[in-house]
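All chains are named by letter (A, B, ...) in the order of the sequence lines, taking the proteins before the strands, and each is independently numbered beginning at 1.
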2 protein chains.
Amino acid sequence: MKHNLIIADDHKMFLDGLLSILNTESSYNILYTAKHGGHVQKYISINTEEKIDLVITDVTMPEVDGITLNKWIKNTDRNIKTLVVSMHNTPEIIDSLIENNVDGYLQKNAQKEEFLKAIETILGGEKYFSKEIKDIYLQNKFEKNKEKEIKLTKREVEVISLIAEEFTTQEIADQLFLSKHTIESYRKNLITKLNVRNLAGLTKYAIKKGYVS
Amino acid sequence: MKHNLIIADDHKMFLDGLLSILNTESSYNILYTAKHGGHVQKYISINTEEKIDLVITDVTMPEVDGITLNKWIKNTDRNIKTLVVSMHNTPEIIDSLIENNVDGYLQKNAQKEEFLKAIETILGGEKYFSKEIKDIYLQNKFEKNKEKEIKLTKREVEVISLIAEEFTTQEIADQLFLSKHTIESYRKNLITKLNVRNLAGLTKYAIKKGYVS
DNA sequence: GTATTCATCCCCGAAAACAGGTATTTAAAA
DNA sequence: TTTTAAATACCTGTTTTCGGGGATGAATAC
C-alpha cells in the first residue's frame, strides 16, 4: 500500500530534488506540493477523507512557516506525521518543534539515503532526527539546565552559612550589622530559591556546597 | 643522702621480699613497716619533723586500705611520694589512685629491677606505672569515652532522620502515628542530647551519621 | 538608558520551634 | 526485685520561622 505524502517548500530547487528522490521509490505517492504552510493547511482541511501519511516541510516559508504548520497538523486528529527539513537549525526551532511532537527533523544537506531512511522510520511509527540535530538539541538542553543551576549571591552564601552554623536570625543580623528583617528576607529568599522547606533544607544545601562542615 | 621509706603491707612474705630487695641498696632507709594504713597514718602524724620520702603500700589491707592511705597522704602538705603495689588491678582502683595523685603503681609480680626502677623514678620526682597498669588505665578510659558517646535510640534516629528530611513535627507525628507532643519531646531531647541549638544542628548531626543525604 | 539584579529594610499573621518542665507504661538491666 | 532506660504524652510560655506581601537605592547588564 502506497503512502501519501505532502511536501511544503518555497525553494523550487530543493523541492525538485526531493521529488526526484521520492519518485525513484514506487511506494510514495506525492499528493500535493506547496510553497508555504497555508496551502497545506487548506489542502488538509478540504480533503478530510483522504489518508495523508506524512507532511515534509521546510521551516522558513512565507506566511505560514514550518513551525506553525507542524503545530497545526499535530492539533488535528488526523494522525499525520511531520518531517521538518531545514537549512538553519537553531536550538529554539528544534526545541519548539520537539515540544510540538514533530516526527522528524533533517538538515537540508542530508544525503538521499538519510532522507529515505528518515521517511521510512517515521512512516514506521518512530521518530527520526539526524545526529547533528540530536546534538544541538541535547547541547541546548544541558546549557539550559546549567542556567537553571541556582546561583547564590555572596551575601546569600554568608547568610546560609551562618544559618547552618545554628545561629538565629537575630544573631546573624548582629554579626553582619544588618537589620533582622534583612536576614529574614534572605532566609525566605533562600528557601524559595533552593526549593527547600525549612532550616533543615538550608542546612543540607550548605553542607552539600561545603559552606559548613 | 639516704631516702626515708615506709612500707605498708599485711602480707608478711611480700613485705620480707621487698625489704630484702631494698636492703641490697644502701641508699634506702626503712623508717617503718606497717600491717595496715592506719598505722602509717599514725606514724606520719606523730613524726611531723621527720623527712618521709616515700610510702610503699598495698591496696588491700584491713581497716585502712591503700586507696584511703594514698588519699590521706596526698592531703597532707608533707610532700610524701606514694607507690602502690597490688595483686588485683581493677580499673576502678587505678582510676581512683591516679585521681588522687598517686606517684606510682606496680603489680606485685613485678621483678626486682622494676621495683628499684619505680622507686628511683618516683624519688626523682617523676611518676612510675608499669606497662600493664598503663594499659589497663587507658583501656578503661577509652571505654568510658565510648560510653560517653551519644547513643540515640531507634525512635530517636527515626525522628531525627525525618526532621533532617524537612518534615515538620506534625508531619512526623502523622507518619509515625504518634502525638505531636511526643515528637516535640523527641526533638527537644535530641537538641539537649546532641548539644546543638536548633534544627540546623540536628540536620548536621543526621548528615554526619548518614541518616540522611 | 532602561531593565534587571543585588542588597537592603519593613510589615503582618500563622505556624512551628524552642525551653522548661511533668507523667505513665513498659521493657530491660542490675 | 528494685532500678533504670525507653517510648509515649501533655502543659505553658516565649521566640523563631515561614509565607505572603511591598519598597528603595545602587550597581550591572542588555
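- Two residues, B/N198 and A/E156, neighbour DNA chain C, and the one matched to the more 5' nucleotide by heavy-atom proximity is A/E156.
- Ring centers of A/Y32 and A/Y43: under 6.0 Å apart, within the cut-off.
- Regarding B/K154, its NZ atom lies at a distance of 12 Å from the C1' atom of C/dA28, rounded to whole Å.
- Spacing between atom NZ of A/K188 and atom C1' of D/dA23 amounts to 12 Å, rounded to whole angstrom units.
- Taking atom NZ on B/K180 and atom C1' on D/dT12, their separation rounds to 13 Å, with Å as the unit.
- Of the two residues near DNA chain D, A/R197 and B/L178, the one whose nearest nucleotide lies more 5' is B/L178.
- Dashed line: the shortest gap from a side-chain N or O of A/R155 to OP1 or OP2 of C/dC6 is not under 4.0 Å.
- Atom CG of A/L152 is separated from atom P of C/dT5 by 15 Å (rounded to the nearest Å).
- Across the protein-nucleic acid pair, B/I191 atom CD1 and D/dT15 atom P stand 16 Å apart, rounded to whole Å.
- For A/L199, whose side chain is taken as the heavy atoms from C-beta onward, the closest listed nucleotide among D/dT8, C/dA16, D/dT17 is D/dT17.
- B/Q170 comes within contact range of no nucleotide atom at all, as no heavy-atom separation falls under 4.0 Å.
- For C/dC11, one of the phosphate oxygens OP1 or OP2 lies less than 4.0 angstrom from a side-chain nitrogen or oxygen of A/H181.
- For the OP1/OP2 pair of C/dA7 and a distance below 4.0 Å, the side-chain nitrogens and oxygens of A/T153 include at least one atom meeting the criterion.
- Within the cation-pi definition used here (under 6.0 Å to the ring centroid, within 45° of the axis), B/K117 does not qualify as a partner of B/Y128.
- No contact: A/T192 has no heavy atom under 4.0 Å from any strand.
- Between D/dT17, C/dC9, D/dA7, one nucleotide has an atom nearer to the side chain of A/S179 than all others, and that is C/dC9.
- Within a 6.0 Å sphere centred on NZ of B/K193, heavy atoms belonging to other residues, nucleotides or ligands number more than 12.
- Judged purely by distance below 3.5 Å, without hydrogens or angles, the side chains of B/T68 and B/D65 pair a donor atom with an acceptor atom.
- Within a 6.0 Å sphere centred on NZ of A/K180, heavy atoms belonging to other residues, nucleotides or ligands number 12 at most.
- Side-chain nitrogen and oxygen atoms of B/S185 include none within less than 4.0 Å of the OP1 or OP2 phosphate oxygen of D/dA7.
- Residue A/T182 is in base contact, counting any heavy-atom pair closer than 4.0 Å across all strands shown.
- Nearer to the 5' terminus of DNA chain C, by closest-nucleotide assignment, is the contact made by A/N189 (compared with the other of B/A200 and A/N189).
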